[in-house]
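Heads up: the structure comes next, in structure tokens.
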Amino acid sequence: MLSPTVSSRQLPPLQNTTPTQNTPKGPNPCPPSNLPITHFSSPSQLQQLHSHLIKSGRPLSTLPLSSVAAVCALSSPSAFSYARQIFHRAAHQPETVLWNSRLNSLASSASPADALALFARLRRSDIALDTFTLSFVLKACSKLSALSLGRAVHGLVEKLGFHSDLFLLNTVLHMYASCGEMDIARLLFDKMPIRDVVTWNIMITQYTKVGEMDIARELFDSMPERSIRSWTALIAGYVQCRNPRQAIHLFHEMEAAGMRPNEVTVVAVLAACADLGALDLGRRVHEYSDQCGFQKNIQVCNTLIDMYIKCGCLAIARRVFDGMEVRSVVSWSAMIGGHAMHGQGEEALELFSRMTRAGFQPNAVTFVGLLHACSHMGLLEEGRQFFASMSRDYGITPEIKHYGCMVDLLSRAGLLEEAHEFIKNMPVEPNSVVWGALLGGARVHKSIKMGEEAIRHLSLLDPLNDGYYVVLSNIYANAGHWENVARMRRLMRDRGVKKTPGWSTVALDGVVHEFVAGESDHPQVEEIYRRWEELLEKLRQRGYIPDTSAVLHDMDEGEKEQVLYRHSEKLAVVFGLMSTPPGTSIRIMKNLRVCSDCHAALKLISEIADREIIVRDRNRFHCFKGGSCSCRDYW
DNA sequence: ATGCCAGCAA
């Protein structure tokens, strides 16, 4: 590993544990080695220290050179030349620089452990360590979460008197923080005499990583100056903890403060747009990115693709994808998953074959998209083939989400018994997604037996999720088993299962309007309800009959209809219709699955109003157009 | 001739 052309000195081999001259032996009359070596106020004290360093085998670069200069420069000419000597010897250590570079490239590589091995050998050699050496080792420790070695290196930083080097101290801080030792990091941070913007950024980032957004925000607000990275770190933190509104709010604050977003900021804010469905801002950020030349950045493009897909603009996502000069497996996987979610399974499969022909290795995420495509298109055999192929041809071990996709595929195809067997034979413990997929198939294929079997497991795995009980209740209602519908209602009440409030959002002119089922705090609520009544009349003329089977409350049909008419996606679509010019597409984001009544109503509305209505529900997209839906009524 | 902090697909 160590090229002989690099160094004339021999390093000890990796496994060599014999002590070298670096290890002090026996009693030492000189200052003990744990004494800080910064303390000298005369050239003679410096000389003592110098000799101690030589005896203990430590390099001259460990001397604080600024103190050497201060002590010697104003003394006698001999002291001055002595200082020059030290300077020359301390600075002239080209090999340290050489090994540092090697250490750095190892620490930055995919196997930072190699850097630790090299460091161990350096320590046993007589090559001097400097602040750079330690910072590279700490970087490797951070990446490996090697806390105990990190602590030891921190000790070395103190011992060698490097504790006034802010760069190095920041690296130490980062090491503790990225090892999850926020308490130690905070202690260190609090007692640091000097901090710079990097110091603060490290603390902010790590607090966001452990979900302490309030502390991160507090630090952000109290730091003396903020760099673009400070803003980006906090914005990304809000994105990670699923608070996209706060992320976007902060982004606006950042713009107001005159900060220019860079590629990383753009990625973070686009992720927030994707989560929230904030298409307007997403588009604006896209334009800005093009102006700045960010379209060359693969990650920016990947995030743009994801944003457009999640905002329901599959065609624009595809344009971004097609325009990329260089793509990564993430680009391909995102696009494949996008076509799948939008009900374009054939296109997803076509992209996959292009991807492999182009020499890309698909990964676990690629297969999630592919299996989704197969399951949404009912491509049973293709799905089985892909599932078999992922481990056989690509060496990818199926994860729980792939098993979930397979159960979904089989269940949707009506092979409920096979799906059930598949679950029982899975090598991993089935989770609620897996049983939920079987429940979904039981709903589509009206199987009370499988619905009950799925609920038996779901009520243990995810007992407070109301969605599952509602689905089984729908199955009962569909079969006319009203006593079981009532039983489900009692069961939910007894178990304290709370109905998750359904909400839908529509983004208009950069403002995200939120509608919550049954609630009416929107300023235009009166008009929305009036327009709905008008629309309802037209729907009825087209043969719309309210399907109240999804309403679980104990009430009469008329009341149930009123509950249905207050479903958030209906309010959102009415608001969208009245607030946008004819012909405009309406994009709605919903936190739950679309209920069957809303699905039927939205199909008719798309025809009556002659509008494209795109609804993102918690699983997929529904594109309603001309009276039908891209999901082919199979969701 | 070398250093610290922010980001993407499920």
Side-chain angles (χ1 to χ4, degrees), chain A residues 93-105 107-108 130-140 142 162 165-175 177-178 195-209 216 219-220 223 226-240 247 254 259 261-272 274 294 297-307 309-310 317 321 327-338 340-341 362-372 399-402 404-405 433 619:
Chain A
Q93 284 172 334
E95 281 197 82
T96 300
V97 175
L98 218 50
W99 289 111
N100 284 350
S101 298
R102 180 87 182 119
L103 205 53
N104 186 20
S105 66
S108 313
D130 63 9
T131 56
F132 288 81
T133 321
L134 299 185
S135 92
F136 297 134
V137 180
L138 285 166
K139 181 190 198 169
S142 295
F162 293 158
D165 185 316
L166 187 53
F167 258 82
L168 191 51
L169 228 51
N170 281 342
T171 318
V172 171
L173 188 70
H174 181 243
M175 183 275 300
S178 62
R195 305 174 188 133
D196 66 2
V197 67
V198 174
T199 321
W200 290 88
N201 289 351
I202 291 166
M203 294 304 285
I204 289 170
T205 303
Q206 296 303 323
Y207 275 124
T208 70
K209 292 263 158 73
L219 288 177
F220 179 84
M223 66 196 288
R226 288 169 273 273
S227 70
I228 186 66
R229 289 193 186 214
S230 328
W231 290 92
T232 306
L234 197 59
I235 291 172
Y238 283 124
V239 173
Q240 275 157 21
M254 188 192 96
M259 277 284 177
N262 65 16
E263 284 102 322
V264 184
T265 323
V266 159
V267 165
V269 75
L270 284 174
F294 293 169
N297 182 309
I298 298 185
Q299 287 174 209
V300 167
C301 290
N302 290 347
T303 317
L304 274 171
I305 290 170
D306 183 51
M307 184 274 295
I309 288 171
K310 290 195 176 142
F321 176 84
R327 303 187 186 96
S328 70
V329 63
V330 174
S331 331
W332 289 95
S333 305
M335 208 59 237
I336 289 170
M341 275 204 293
N363 63 20
V365 183
T366 321
F367 277 97
V368 171
L370 275 177
L371 293 174
H372 266 143
E399 296 161 31
I400 187 84
K401 52 200 174 212
H402 301 106
C405 289
V433 175
N619 287 330

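Chain identifiers are assigned alphabetically (A, B, ...) following the order of the sequence lines, protein sequences preceding nucleic acid strands; residue numbering begins at 1 within each chain. Quick caveat, the model's predicted, so the values are computed rather than measured.
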Does [X] have any side chain to side chain contact (heavy atoms under 4.5 Å, CB included) partners at least two apart in sequence or in another chain, and if so, which?
| X | value |
| --- | --- |
| A/Asn104 | A/Ser108, A/Phe136, A/Lys139 |
| A/Arg229 | A/Asn201, A/Ser227 |
| A/Val433 | A/Asn431 |

With heavy atoms under 4.0 Å as the rule, sort [X] into base, sugar-phosphate or nothing.
| X | answer |
| --- | --- |
| A/Ala268 | nothing |
| A/Thr171 | sugar-phosphate |
| A/Thr366 | nothing |
| A/Ile235 | nothing |
| A/Thr232 | base |
| A/Glu399 | nothing |

Please report, rounded to the nearest Å, how far the [atom2] atom of [N] is from the [atom1] atom of [X].
| X | N | atom1 | atom2 | result |
| --- | --- | --- | --- | --- |
| A/Lys209 | B/dG7 | NZ | C1' | 9 Å |
| A/Phe167 | B/dG3 | CZ | C1' | 6 Å |
| A/Met259 | B/dA6 | CE | C1' | 13 Å |
| A/Asn170 | B/dA6 | CG | P | 12 Å |
| A/Ile298 | B/dC8 | CD1 | P | 15 Å |
| A/Asn297 | B/dC8 | CG | C1' | 9 Å |
| A/Leu98 | B/dA1 | CG | P | 12 Å |
| A/Glu95 | B/dA1 | CD | C1' | 14 Å |

Would you indicate which nucleotide in [options] comes nearest to any side-chain atom of [X]?
| X | options | value |
| --- | --- | --- |
| A/Asp165 | B/dA10, B/dG3, B/dT2 | B/dG3 |
| A/Ala334 | B/dC5, B/dG7, B/dA9 | B/dA9 |
| A/Ala236 | B/dA10, B/dC5, B/dG7 | B/dG7 |
| A/Val368 | B/dC8, B/dC5, B/dA10 | B/dA10 |
| A/Ser333 | B/dA6, B/dA9, B/dC8 | B/dA9 |
| A/Val198 | B/dG7, B/dC4, B/dA9 | B/dC4 |
| A/Val300 | B/dG7, B/dC5, B/dC8 | B/dG7 |
| A/Val267 | B/dG7, B/dA10, B/dA6 | B/dG7 |
| A/Asn302 | B/dC5, B/dG3, B/dC8 | B/dC8 |

Checklist line | Distance flag, aromatic centroids of A/Trp200 and A/Phe220, threshold under 6.0 Å | finding: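 For A/Phe220 and A/Trp200, the ring centres are not under 6.0 Å apart.
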List the atom pairs, donor and acceptor, that lie under 3.5 Å between side-chain atoms in residues 231-240 of chain A and the rest of the protein, sequence neighbours left out.
unit_1	atom_1	unit_2	atom_2	d
A/Thr232	OG1	A/Ile228	O	2.7
A/Thr232	OG1	A/Thr265	OG1	2.9

So, OP1 or OP2 of [N]: does either fall under 4.0 Å of a side-chain N or O from [X]?
| X | N | result |
| --- | --- | --- |
| A/Lys401 | B/dA9 | no |
| A/Lys139 | B/dC4 | yes |
| A/Gln240 | B/dG7 | yes |
| A/His174 | B/dC5 | yes |

Next item on the list: Go ahead and write out DNA chain B as dot-bracket, 5' to 3': ( ) for pairs within the strand, [ ] for ones crossing earlier pairs, | when the partner sits on another strand, dots for unpaired; Watson-Crick or G-U wobble, both distances under 3.5 Å.
Entry: ..........
Next item on the list: Using distance alone, with no hydrogens and no angle criterion, decide if A/Asn170 and A/Thr199 have a side-chain donor and acceptor under 3.5 Å apart.
Entry: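 Checked: A/Asn170/A/Thr199 side chains pair up, N/O donor to acceptor below 3.5 Å.
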Checklist line | Base of B/dG7 paired with side chain of A/Gln299 (donor-acceptor, under 3.5 Å) | finding: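 Looking at the base of B/dG7, it does pair with a donor or acceptor on the side chain of A/Gln299 (distance under 3.5 Å).
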Item checked: Donor-acceptor pair (no angle test) under 3.5 Å: A/Asn100 side chain, B/dA1 base ->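 Looking at the base of B/dA1, it does not pair with any donor or acceptor on the side chain of A/Asn100 (distance under 3.5 Å).
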Notebook entry, point to check: Which residues pass the ring-ring contact (aromatic ring centres under 6.0 Å, His included) test with A/Phe132, sequence neighbours left out?
Noted result: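 By the ring-ring contact (aromatic ring centres under 6.0 Å, His included) rule, A/Phe132 matches no residue at all.
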Notebook entry, point to check: Looking at A/Met335 and A/Ile309, what are the two nearest heavy atoms and their distance?
Noted result: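 In this case the closest contact between A/Met335 and A/Ile309 is CA-CD1, 4.3 Å.
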Item checked: Minimum heavy-atom distance between A/Phe321 and A/Ser331, given as atom pair plus value ->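 Residues A/Phe321 and A/Ser331, closest heavy atoms: CE1-O, 3.7 Å.
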